[in-house]
Amino acid sequence: MNERTPITPMQAAFLRGVLSRRSLVLGSAGLGVTALAACGSAGKSPNAGSSASVTPTAKAAEDLSATEKLVNWSNWQQYIDVSDDEKSRPTLDAFTAATGIKVNYTEDYNDNDEFYAKVRPLLDGGKDTGRDVWCSTDWMVARLIRQGYVQPLDKANIPNAKNLEASFQDVSFDPGRKYSLPWQAGFACIGYNTKATGGKKVESMTQLLTDPSLKGKVTLLSEMRDSVGLVLLEQGKDLSSFTAADFDAAIEMIQKAKDAGQIQKFTGNEYTDGLTAGDIAACVAWSGDVASLGLDAPELGLTLPSAGYTLWSDNFVIPAMAKHKTNAEKLINYYYDPAVMGEVEAWVNYISPVAGTKEAVVAIDASLGENELIFPSAETLSKAKKFRDLSAEEESTFTRQFTDLATG
């Protein structure tokens with residue numbers, strides 16, 4: 001952002017979500033699940049700083065894990081298994097039963113910048129955030145590492161880290177996975193509610209942005225790389241080499257749709273409520289959200305556009321001054337058991353970073369083994385593209401353009 005140019009309060013609020021949950025992480029294509037090896041470099045943002053830069057040492061608090069059987073975990077919405085009556089989270093209950101460690105699980109992570117704005121003043125002041133672990137997207141993890149806001153993981157407490165899929169191991173934002181381990185990965189796509197669309201599927205960005213029957217009932221994500229990335233792909237552009245003129249053309253297409261009243265608003269993770277209620281007919285969405293909601297709402301559908309789509313991953317990190325670091329590491333270790341992660345994937349329908357998960361999922365429901373959202377084929381991955389790294393100038397210019405469009 002050009003700091004010399006003032007922004008409105010509305011724009012400032014919107015910027016908290018401009019680079020939100022779903023950072024683009026797939027660079028290679030057509031290589032099966034191993035194509036996820038591109039996660040690190042693709043997810044890196046210029047704002048995150050170079051991995052070669054000196055990383056400040058995160059401040060550590062006295063670890064109270066031995067005497068306080070507690071761990072505080074902040075996470076995204078719709079991102080863990082729940083019971084049929086939606087009153088409990090089975091894997092968390094099982095963790096507590098096995099370890100005696102109570103988990104305070106809070107779904108207060110709506111987008112990366114919004115969450116960062118809440119915790120940064122505490123981290124900057126060397127104070128406890130009240131959280132022992134949370135899940136941030138790759139580019140945000142890089143920023144947290146660079147600023148010394150997260151602590152190195154003690155792998156002695158996470159022996160199941162050996163189950164990390166090889167495709168997630170070599171990441172530029174955290175070489176050697178010293179500070180982070182991935183929680184989930186998934187696609188940016190199109191979600192729709194057939195009750196609100198009149199029974200029709202929404203299968204392309206052109207349809208989303210121009211179909212008059214959807215007017216005023218469309219939302220896009222406040223994540224620039226997902227919303228603009230899908231439009232660039234629709235326009236036949238290569239996300240690894242698009243030009244400023246290409247970006248302008250994508251913005252123009254979105255602006256035209258907004259001016260026509262097609263777009264209701266730009267959202268973070270909260271779009272799920274409107275989509276389920278039918279207030280949103282169709283939207284740019286995240287795959288597992290729509291797939292998991294669709295289990296109880298068959299009117300919800302999901303499209304991976306034939307023109308291409310994006311892929312992201314979110315990662316466990318332990319913040320500075322966390323009071324229960326060892327307990328947090330035990331929690332991470334627990335979820336790196338393939339059988340446990342299999343229970344999660346059967347509910348959330350995202351891509352697991354834990355080797356052996358497929359066998360566990362199939363044991364729960366054989367049909368899920370064929371689910372492309374959980375276990376994408378080489379063909380599916382071949383259409384997942386990387387939004388190229390931006391220079392500082394491009395980051396400033398493109399962010400400004402997108403923000404002006406969304407908030408103007």
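For reference, positions follow the sequence shown, starting with 1. Below, all heavy atoms of this structure are taken into account, side chains as well, without hydrogens, waters or symmetry copies.
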Show me the donor-acceptor pairs within less than 3.5 Å that the side chains of residues 297-307 make with the rest of the protein, sequence neighbours left out.
from	atom 1	to	atom 2	distance (Å)
T303	OG1	V202	O	2.8

dist T194:OG1 -> K201:NZ (nearest 0.5 Å) comes out at 10.0 Å

Quiz item: Can you list the steps and then say if L233 with K385 is a side chain to side chain contact (heavy atoms under 4.5 Å, CB included)?
Solution: CA-CA 9 Å; L233 289 167; K385 305 299 180 180; 3.8 Å; yes

(message) Is the ring pair Y309/F187 parallel, tilted or perpendicular, if the boundaries are 30 and 60 degrees?
(response) perpendicular

Exercise. Distance-only, no hydrogens or angles: does the D226 side chain make a donor-acceptor pair with backbone N or O of A188 under 3.5 Å?
Worked result: no

Tell me, with the steps shown, if Y271 and D279 meet side chain to side chain donor-acceptor pair (under 3.5 Å). CA-CA 10 Å; Y271 73 89; D279 299 327; over 6 Å; no

| Does K237 make a cation-pi contact with F242, if we ask for NZ or CZ under 6.0 Å from the ring centre and within 45° of the axis? | no

ask   = With distance as the sole criterion, is a donor-acceptor pair present between the side chains of E270 and N110 under 3.5 Å?
value = yes

| Can any side-chain N or O of S382 pair as donor or acceptor with the backbone N or O of E379 at less than 3.5 Å? | yes

So OG of S287 and CG of L373: to nearest 0.5 Å the spacing works out to 5.5 Å

The residue among F316, F95, W134, Y334 that forms ring pair (Phe, Tyr, Trp, His ring centres under 6.0 Å) with W73 is F316

Sorted by chain and residue number, the side chain to side chain contact (heavy atoms under 4.5 Å, CB included) partners of D154 (sequence neighbours excluded) come out as A156, N157, K325, E329

Would Y79 and N269 satisfy side chain to side chain donor-acceptor pair (under 3.5 Å), going step by step from the backbone distance to the final call?
CA-CA 11 Å; Y79 220 23; N269 207 192; over 6 Å; no

Distance-only criterion, 3.5 Å: show the donor-acceptor pairs between side-chain atoms of residues 247-256 and protein atoms not counting sequence neighbours.
from	atom 1	to	atom 2	distance (Å)
D248	OD1	Q401	NE2	2.8
Q255	NE2	D259	OD1	2.9

Answer yes or no on whether R89 is positioned over the face of Y105, meaning its NZ or CZ is under 6.0 Å from the six-membered ring centre and within 45° of the axis. no

Rounded to the nearest 0.5 Å, the CH2 atom of W76 sits from the CZ atom of F115 at a distance of 9.5 Å

Next item on the list: Could you tell me whether D108 and R131 make a salt bridge, using a distance below 4.0 angstrom between a side-chain N and a carboxylate O?
Entry: yes

Are the side chain of Q169 and the backbone N or O of R177 linked by a donor-acceptor pair below 3.5 Å?
-> no

| message | Check D211 with K200, please: is the shortest side-chain N to carboxylate O separation under 4.0 Å? | response | yes

Separation between CH2 (W286) and CD (Q184), nearest 0.5 Å, reads 14.5 Å

